[in-house]
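Beneath this line is the structure, given in structure tokens, with notes to follow.
Just so it is clear: chains get the letters A, B, ... in the order the sequence lines come, proteins before strands, and each one is counted from 1. Side chains included, hydrogens not; waters and symmetry mates left out as well; all remaining heavy atoms used.
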There are 2 protein chains.
Amino acid sequence: MKGKRAEFGDKACAIARALGVIGDWWSMLIIRDALAGKRRFGEFQASLGLAKNILSTRLQKLVAHGVLAVVPASDGSAYKEYVLTAKGEKLYLLTVALWQWGEEFCFAPGELTYDMVDKDTCKPLQPLELRAADGRIIGPRDMRAMARPAADLRRTRKAGTRVRR
Amino acid sequence: MKGKRAEFGDKACAIARALGVIGDWWSMLIIRDALAGKRRFGEFQASLGLAKNILSTRLQKLVAHGVLAVVPASDGSAYKEYVLTAKGEKLYLLTVALWQWGEEFCFAPGELTYDMVDKDTCKPLQPLELRAADGRIIGPRDMRAMARPAADLRRTRKAGTRVRR
DNA sequence: CTGTATCCTTAAAGATACTG
DNA sequence: CAGTATCTTTAAGGATACAG
């Protein structure tokens, strides 16, 4: 988070690169709000309570990385709205992983919090599960990193620039 | 990441709290290494290439939050080893979410990277899927936050202090 | 080899004023 | 309301010396 210090965007590790994009304390909260349907500068600011210049910087960074896109305001005003791209929307899995972990381990019993629910039924979502190719559930010690070319199982790069809605 | 600035640890949002614990640029990489089996100070330092004092601070913070635990060195030396607690191990889902997103969106075609594979078969893991209580797959726009008491679906708080291995 | 303690640099976070 | 531009603060990150 210093800046001159470590640069994560060019590391060979996918985790490091992802952190280079959304690995600061505000970005994932912006994503959370965007997933909740927020799109205006003021909505984000009111929700997050951070300084406007900081929010401005963060939004610009996320736009530069193709996570958010700027579109004309839907109410006909001259302002911008910030909407998730396909790349940004895909962060919902990360959001949920963060949410479920935080909920399980970062609250004292009885503390009030919010839960992620299925929009249709309003029932809680299942905890995320990781599965092997054959469907077996994979635990923390059943996996490892393995070198291979990045090309094969990825979608087109342009997908990241398509906007939601 | 500044410090005096925003405090995330006491927010009502589980995401904010989780970010208060592992929401900086180094912690998730330490977790990644710990999941890969690293446990010694020097192993982390060599792998991450960060200053020793920073690593020391990060390790202490993770220990303080119950993500890592200090155990006597397994080789009989007087040194410490840092092992994941159950709370820390559970971060493997977050790690994989980060990994899969980074791999899909943060690499140019043809760039070399590492993949997460099933340790037994060495085959790639399935992309994470989010499911509703009834098993339906949930996309980014099929969920929302809902207020409720934190007490009901959480495990015991002590689980976080149990160490791995 | 493991760390901790110091010192330094810098840029991230905040406050705030200002423009459209 | 929506942002940009300045200015200040401060602590995070780094380098390095030092201790067990």
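For Ile54(A) and Thr57(B), each mapped to the nucleotide of DNA chain C holding its nearest heavy atom, the one lying further toward the 5' end belongs to Thr57(B). Each of Tyr79(A) and Ala51(A) has a nearest nucleotide on DNA chain C; the 5'-most of these lies closest to Ala51(A).
Ring pair Trp25(B)/Phe8(A) is tilted by interplanar angle, where 30° to 60° counts as tilted.
Side chain of Lys52(A), nearest nucleotide from dA17(D), dA15(D), dT4(D): dT4(D). Among the nucleotides dC1(C), dG3(D), dG14(C), the one closest to the side chain of Phe41(A) is dG3(D). Comparing atom distances between the Arg58(A) side chain and each of dC1(D), dA12(C), dC18(D) picks out dA12(C) as nearest. The nucleotide whose nearest atom lies closest to any side-chain atom of Trp26(B) is, among dG13(D), dG3(C), dG14(C), dG13(D).
Between the C1' atom of dA13(C) and the CG atom of Asp24(B) lies a distance of 16 Å, rounded to the nearest Å. Counting to the nearest Å, the C1' atom of dT16(D) and the CD atom of Gln45(B) are 12 Å from each other. Taking atom NZ of Lys61(A) as the reference point, atom P of dT4(D) lies 17 Å away to the nearest angstrom. Nucleotide dG14(C) holds its C1' atom 14 Å from the CG atom of Leu48(A), rounded to whole Å. Between the P atom of dG13(D) and the CG atom of Leu19(A) lies a distance of 12 Å, rounded to the nearest Å. Atoms CG (Leu50(B)) and P (dG3(C)) sit 14 Å apart, rounded to a whole Å. For the pair Asn53(B) CG and dC18(D) C1', the computed distance is 13 Å after rounding to whole Å. Residue Phe44(B) contributes atom CZ, which lies 13 Å from atom C1' of dT2(C) at whole-angstrom precision.
A donor-acceptor pair under 3.5 Å is absent between the side-chain atoms of Glu104(B) and the main chain of Trp101(B), judged by distance alone.
Figure legend: cation-pi geometry between Arg40(B) and Tyr79(B) absent, as NZ or CZ is not positioned both under 6.0 Å from the six-membered ring centre and within 45° of its axis.
The side chain of Ser56(A) places no N or O atom within less than 4.0 Å of a non-bridging phosphate oxygen (OP1 or OP2) of dG3(D). For the pair Gln60(A) and dT4(D), the criterion of a side-chain N or O lying under 4.0 Å from OP1 or OP2 is met. For Arg40(B) and dT2(C), the shortest distance from a side-chain N or O to OP1 or OP2 is below 4.0 Å. Here Lys80(A) does not reach the OP1 or OP2 of dC1(D): none of its side-chain N or O atoms lies under 4.0 Å away.
Hydrophobic cluster membership is shared by Phe44(A) and Val70(A), with clusters built from Ile, Leu, Val, Met, Phe, Trp and Tyr side chains linked at under 4.5 angstrom.
Among the heavy atoms of the strands, none lies under 4.0 Å from Glu81(B). Tyr82(B) comes within 4.0 angstrom of sugar-phosphate atoms only, judged by non-hydrogen atoms across all strands, and of no base.
A salt bridge does not link Asp142(A) with Arg136(A): none of the charged nitrogens is closer than 4.0 Å to a carboxylate oxygen.
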